[in-house]
Amino acid sequence: MGAALRVAVVGSGPSGMYAAAELLEGNKATVDVFDRLPIPFGLVRYGVAPDHFSIRSVRENLDRIWDQPGIRFIGNVTIGQDISVDELREHYDAVVLTYGASADRALGIPGEQLPGCVGATDFVAWYCGHPDANREFFESYLPTIEHAAVVGLGNVAVDVARILAKTPAELQATDIPEHVRNTLASMKLTDIHILGRRGPAQATWTTKELRELGELEECQVVVDPVGLTDDQAWVTDEKVHQRNVDVVRGWMERPRLEGPTLHLHFLTRPISVAGSVHVSVVQVERTEFTASGSLASTGEVLDLPVEFLVRSIGYRGTGLPGVAFNDETGTVVHVDGRIEPGLYAAGWIKRGPSGIIGTNKKDAVATVESLLADAGAGQLSTGTGAIDGLIAHRGLEVVSVAGWRAIDKAERDLGAQFGIDRMTISDQATLVEIASLGER
Ligand code: NAP
């Protein structure tokens with residue numbers, strides 16, 4: 001191979017960082033990793049639950065990628081806004097899109113727009129200290145509520161319910177920002193409901209994550225038995241699902257205690273949301289399996305008092321101008337990660353929101369293989385290499401690795417004041433200002 005390729009990676013989450021690492025290996029390419037935030041690592045920082053310390057520690061592995069020669073972080077730059085995809089393509093030999101799936105799916109039921117009904121991405125962003133989170137809403141609203149519900153039987157639903165259910169002591173060692181922990185500590189939740197339209201055997205959560213719900217200090221899991229006489233709700237051939245079923249069965253045998261309760265409702269789906277100023281009632285219907293295994297309504301309807309409803313029914317990718325996009329799937333149109341020669345995708349924007357962090361490594365490597373095959377076949381146009389000129393011309397305030405390191409240090413120093421490893425700084429202007437000190 002001739003001179004190293006120049007590649008732009010859009011998004012510094014796991015798939016972007018794994019794609020960059022693969023390109024750097026053997027000096028195949030120099031890589032600029034763009035992110036719209038002044039901080040790298042995407043969902044590892046703003047999605048993985050703060051109390052999942054071992055999964056969060058993936059950050060340290062990703063951070064070491066910055067130490068390799070040939071890679072730069074170009075943070076605080078939004079592709080599609082500050083710089084277009086076409087401009088990137090002009091300046092680089094190839095562009096890899098790894099900007100994930102950041103939008104929520106809607107339930108499509110009446111009343112869903114009422115205040116108090118939010119997507120999991122919004123709530124997760126808030127408790128992880130994302131700069132774009134709607135702090136004002138969560139911090140004024142959450143202390144006023146007593147009943148919350150989460151729709152969905154996936155790992156994100158489990159994260160959301162667990163963070164709502166944990167005591168301040170259980171969250172003490174996390175890097176949750178001070179304003180978030182204060183709000184969570186002031187909440188007076190008596191009931192949290194998890195609403196799943198199918199049964200324990202069909203849930204997509206993983207057993208380790210599910211079990212954690214049964215280990216909470218104060219909040220007790222109670223399984224709603226309605227509908228669970230339907231055998232199909234319990235039957236599965238998959239080992240992981242069978243383990244989940246066993247966990248749920250175990251909970252059904254436990255005696256009920258006083259105190260806050262986490263209700264697990266299976267074969268239950270929301271059909272409308274009502275309230276005068278904000279959500280106050282969620283109407284749910286009981287479902288059942290038909291002989292063919294699809295879902296049908298039983299006609300039984302129930303009103304649950306709920307002031308905070310979190311939709312956790314999957315994330316969705318959004319398109320970028322000039323990039324072929326499939327609205328149905330919320331993913332780019334590609335073959336083996338190749339949108340067209342010179343333009344590639346990896347991670348959730350390529351395959352949809354599924355899998356664990358490690359899944360993105362394999363996925364990114366496969367995409368890089370397509371890129372290198374095109375380079376080998378002479379199908380890439382050589383970029384101008386003049387991106388720094390464009391950035392300067394636009395007056396963009398870029399955050400580099402040095403800026404990120406300054407933020408990293410500031411967060412560790414802040415954490416030390418609270419006796420913890422790190423405390424997340426969430427304010428965008430503060431982050432950029434700290435980074436600018438590191439750039440000098
Ligand atoms: P998910 O696993 O796809 O779960 C989505 C849930 O929403 C499913 O239970 C689905 O039920 C339900 N749902 C979809 N549409 C619905 C509707 N209209 N009404 C009611 N329910 C509906 O997605 P996720 O929880 O957002 O997780 C995304 C990915 O991140 C997953 O791969 C997950 O494992 C991963 N993740 C991992 C961790 C971890 O490892 N600790 C933590 C967080 C996320 P049906 O099955 O009936 O469609």
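When a ligand or atom number is given, it counts from 1 through the structure's own listing order.
Screening Arg198, His193, Glu300, Arg286 for a side chain to side chain donor-acceptor pair (under 3.5 Å) involving Thr268 leaves a single residue, Arg286. Put simply, the residue from Thr367, Thr331, Asp336 that forms a side-chain contact (heavy atoms from CB on, under 4.5 Å) with Lys350 is Thr367.
Under the ring pair (Phe, Tyr, Trp, His ring centres under 6.0 Å) criterion, Tyr99 pairs with no residue at all, not counting sequence neighbours. Residues passing the ring pair (Phe, Tyr, Trp, His ring centres under 6.0 Å) test with Phe308 are Phe123, sequence neighbours excluded. Here Tyr344 pairs with nothing under the ring pair (Phe, Tyr, Trp, His ring centres under 6.0 Å) rule; sequence neighbours left out.
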Could you go through ligand 1 and note, for every N or O atom, any protein N or O atom closer than 3.5 angstrom, writing the atom names and distance to 0.1 Å, or 'none'?
| unit_1 | atom_1 | unit_2 | atom_2 | d |
| --- | --- | --- | --- | --- |
| ligand 1 | 2 (O) | Thr204 | OG1 | 2.8 |
| ligand 1 | 4 (O) | Thr204 | OG1 | 3.3 |
| ligand 1 | 9 (O) | Leu153 | N | 2.9 |
| ligand 1 | 15 (N) | Arg197 | NH2 | 3.4 |
| ligand 1 | 25 (O) | Asn155 | N | 3.3 |
| ligand 1 | 25 (O) | Val156 | N | 3.1 |
| ligand 1 | 32 (O) | Gly355 | N | 2.8 |
| ligand 1 | 32 (O) | Gly355 | O | 3.2 |
| ligand 1 | 34 (O) | Asn155 | ND2 | 3.1 |
| ligand 1 | 41 (N) | Glu209 | OE2 | 3.0 |
| ligand 1 | 46 (O) | Arg198 | NH2 | 2.8 |
| ligand 1 | 47 (O) | Arg197 | NE | 2.9 |
| ligand 1 | 47 (O) | Arg198 | NE | 2.8 |
| ligand 1 | 48 (O) | Arg197 | NH2 | 2.7 |

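Aromatic ring centres of Trp404 and Phe41 lie closer together than 6.0 Å.
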